[in-house]
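Structure first, commentary second.
What you see is a predicted model; the values in this text were computed from it and never measured. Counting starts at 1 for both ligands and their atoms, in listed order.
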Amino acid sequence: MIIRARTVVTMDGPPIENGAIALSEDRIVDVAKFDEIKARHTGEVIDLGEQALLPGLINAHCHLDYTCLRGKIPPQRSFTDWIRAINAEKAKLTPDDYVASINDGLAEARRFGTTTIANLTAFPELVRQIHAPIRTWWFAELIDIRAPERAKELVGRAIESLGGARPLATAEPVHGEGGPGAPWGLAPHALFTASKDVYRRCEEIARRQNALLTTHLAESREEMQMFRDASGPLYEFLKSIGRWMDDCGNKTPLEHFFKIRDSWTPKAFGVRNDSSWMVVHLNELAESDFELLERSASKFHIVHCPRSHNFFGHSPPGLERLRLLGFNICLGTDSLASNENLNLFAEMRAFQKAFPSVWPKAVFRMVTVNPAMALHQENILGRIRRGLKADLAAIPCSASTDVFEQMIAFEAPVNWLMVNGKM
Ligand SMILES: [Zn+2]
């Protein structure tokens, strides 16, 4: 099959005007000018006309469990009040509600041109019931605030459940404990809700099985206050529900993360490799944290959720500094309990508004090339290149302005999409 478009945005060099790609089953086998592709390949030609053909978008962080909470929780006085409010809403939901919520979220993400999603679920036991229409990385969200002595059991159960996840509706469930490319990972929720033992156990598994890890870190001012000063609303709330609080009062969240990470790194591994971690948020960093990050030889990936960030009114994130330090920055939507939809075009717009000096092409990398790297899929997803999976989206475009600027301004749902070679 040949697909032609006014512009093909490969993410390898400049977009190809009057470009085309040739496909064989689920793979891209050639990318060039339409004339050259026609000369080299036969088969059905799909002409997308005045459109830009793009790599399918990758959402690096969301919680589809809470798609049904869209508009249910207005902005609160504090992050802690928001946690109380979402807990009250969650108490009303049944397993069937969560399954419906995840399915609705997957369908919505697809409508906005997303072909891959990194999704955290608090209910890994439900994922066997989901036939995802887009490529889905399931991360089991782990919280053991009420039973830290059962960390091992909690992680073990989650992995067993995720073993039944399907990467796509058409694919078979993945059995066993994963391995390279397996569509699952582990998500110790945050330092304030998951114990050191959960983090340690997840890291061990990630090393052994090449699984991915993600966690929320340094999201709110209240989290900073809790760990650095042992005070504030989050500190008081968690203390009141019986959390261990002996880790509070002397470190920033990032220092705390590094400290427990170093304690679980076996010496035998030598230089550590943080590339399995997708660290979400990092809104609250002290000057000493930036120094720590500068000295750190290995780099984790960073996920920023622009509109969820605005919803909470978190501090401006130091993303430009982090980019200069060599961190790989990706964008995510977070859940619809703090966002209005799962539209990554709108996330790019919100990001550009906050960081007008970042080039549109660099912003587009944050929803394609960068998250593909974070998911260890840089040779499979995120670009239009020979040998990569045919995960594609098309949006209308004209010759008048830069295609990346048009992309960031794009409003309507995407009406042409391909996942794994299937339209
Ligand atoms: Zn999140």
Aromatic centroids of F300 and F327 separated by under 6.0 Å: yes
Geometric class of the F345/F410 ring pair [parallel <30°, tilted 30-60°, perpendicular >60°]: perpendicular
Name the atoms and distances for all side-chain donor-acceptor pairs under 3.5 Å in residues 352-361, with sequence neighbours left out.
residue	atom	partner	partner atom	Å
Q352	NE2	V358	O	3.1
S357	OG	E320	OE2	2.8

Parallel, tilted or perpendicular: ring planes of W82 versus F79, cut at 30 and 60 degrees: parallel
Euclidean distance, W138 CH2 relative to L64 CG, rounded to 0.5 Å: 6.5 Å
Aromatic ring pairing H314/H281, orientation class (parallel under 30°, perpendicular over 60°, tilted between): tilted
Count, waters excluded, of protein N, O or S atoms under 2.8 Å from the Zn ion (ligand 1): 4
